[in-house]
Amino acid sequence: MPHALVWFRHDLRLDDNPALRAALEEGYTPIPLYIRAPREEGEWAPGGASDAWLHRSLAALDADLRSRGSRLLMRRGASAAVLDEVLTDTGAEAVFWNRKYEPATQPRDAALKKVLRERGLRVESFNGSLLFEPWDLATQQGGPYKVFTPFWRSALAQWRAPAPWDAPDTLPTFDKKVQGDLLDTWQLKPALGWDAGFWETWTPGEAGAGEALDVFIDGALRGYRTDRDRPDRTGTSKLSAHLHFGEIAPWRITAELERARTAANGADMDGYIRELGWREFAYHLLHHFPHTPTQNLNPRFEHFEWAKVDQDALAAWQQGRTGVPIVDAGLRELWATGYMHNRVRMIVASYLVKHLRYHWLHGARWFWDTLVDADLANNTLGWQWTAGTGADAAPYFRVFNPVTQAEKFDPKGTYIARWVPELTDVPVPLRFAPWQKPDVLARVASDYPRRPLVDLMEGREGALAAYRKTGD
Ligand code: FAD
């Protein structure tokens, strides 16, 4: 039987894997391969939390392959060189992969495809991550969308999600003499074990993704539209890291949701699918505006007066010691679990880019290193949206007040108390703005900052003044 390399990247699953499926359907023995080449991601090499997740996800994929008679060949090095070696070692005649869309790796893949085809190999790439390719949807003028609603309207009008595909129970075995690296030698797991708390929440891998989807459909889906904004409740699917690593296909999610559709949950379901739409929009934007991971999409902000960074203040934000409880709760949740609730991501981001007036890249880079779901498309969209510099963004002059946000979305202060336990004895509503009663704060929470890093009113005024200088 001829052999084909199936090059796994952001598609660490067997079901709904178009590259694997094509190799099997075309009669090849697949050689599942993962190449560790972080430098090829340019300045967005995966961060520490992503690597910790990747270790477990690769181990899970290897175990799933072994249970079917195959295995995952893991090699470290430049992708071109590794592909070359493995092609020589195995005599494979074809290479199949599912596409990645990051600006650093897209040209690499295009160049590899050309070179390998010139050598007479069969090379095919597929869409393994998205409901729509980033170039599928275009405005009536043929350009990219910059506003979500028409983008999503057009997506719904052209809906064509593929049918789910289950990988076979057995896979052909390939030559035992072809050896890879031992996963442990890649040292993806943090040596100091700071990720220990992550795994109470997360089970990386395809089985973990399927389980998270089942839990969501049986639980938080009902009420999603309102509870998705409540960090004090389990109101969302927690599928973002699974989606980022490709442990589940978005079209599997929509198919499973449709199977569970009832009159009672239809609106929640549509609301959820719309959030998947924001992920599609993020990839659309990243493809059409590949400079946006580091540069403002909106040129109005080119000369915006960002404040000079005070390293102590930035460290206080990163460590959740700003003195603003909802901000600190979010950043501590992030550190402890590798995740932060979406509403709180917006609040902490807004505090950084508006009250502190630090360039959004300082926040984007911190998230990049600490989130298990760090994803270049979604992170760029999230930060540029919050900063007001991006597509369909929250206008810069709309400054989130973290106190009223907390009152509205964590009304009993339970999310704050969970992540900032020193405030447990500060009663609500004082828990939302404890600096208002310094004597109480000193008595019951002496370890907590007395004052916010920046006075909320002053921070807001400073942000608006800087914004006014950018023109009308
Ligand atoms: P659910 O509410 O269950 O949503 C389902 C899925 O839809 C998510 O898994 C995600 O893939 C997608 N989704 C939901 N909201 C958004 C959104 N606003 N933008 C794009 N996709 C969305 N998401 C990431 O996956 N990676 C990131 O690096 C990332 N960085 C962000 C940074 C900032 C500043 C902000 C404001 C948001 C960021 N997000 C990011 C988006 C969002 O916060 C997360 O996708 C969401 O919190 C994940 O939780 P969930 O899976 O339970 O979400």
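Atom set for the values below is all heavy atoms of this structure, side chains included, hydrogens, waters and symmetry mates excluded. Note that the structure is a prediction, hence the values are computed from the model and not measured. Order of appearance sets the numbers: ligands from 1, and atoms from 1 within every ligand.
Taking R259 as the reference, E256 meet the salt bridge (Lys or Arg N to Asp or Glu O under 4.0 Å) condition, with sequence neighbours excluded.
Contacts with ligand 1 closer than 4.0 Å are made by side-chain heavy atoms of F367 only, the backbone lying farther away. Contact annotation for Y272 and ligand 1: only side-chain heavy atoms (C-beta onward) come within less than 4.0 Å of the ligand. At a heavy-atom cutoff of 4.0 Å, ligand 1 is contacted by the side chain of Y339 but not by its backbone. The residue W385 has no part lying near ligand 1, judged by heavy-atom distances below 4.0 Å. Heavy atoms of A282 found under 4.0 angstrom from ligand 1: none, in either backbone or side chain. Contact annotation for R228 and ligand 1: no heavy atom of the residue comes within less than 4.0 Å of the ligand. Residue contacts with ligand 1, taken as heavy atom pairs separated by less than 4.0 Å, involve D375 via backbone and side-chain atoms alike.
The distance between the ring centers of Y351 and W317 does not fall below 6.0 angstrom. Between W360 and W383, the ring centre distance reaches or exceeds 6.0 Å. Taking the six-membered ring where the residue is Trp, the centroids of W186 and H55 are separated by 6.0 Å or more.
In terms of N/O distances under 3.5 Å, ligand 1 is not approached by H341. Considering both main-chain and side-chain atoms, G382 never comes within under 3.5 Å of ligand 1 through any nitrogen or oxygen pair. Geometrically, ligand 1 and T386 share no nitrogen or oxygen pair separated by less than 3.5 Å.
Relative to atom 15 (N) of ligand 1, the option among E275, R345, R279 with the closest non-hydrogen atom is E275.
Each salt bridge (Lys or Arg N to Asp or Glu O under 4.0 Å) pair with one or both residues in residues 394-407, not counting sequence neighbours, would appear here, but there are none.
For ligand 1 and W383, the ligand atoms under 4.0 Å from any heavy atom of the residue are 32 (C), 34 (C).
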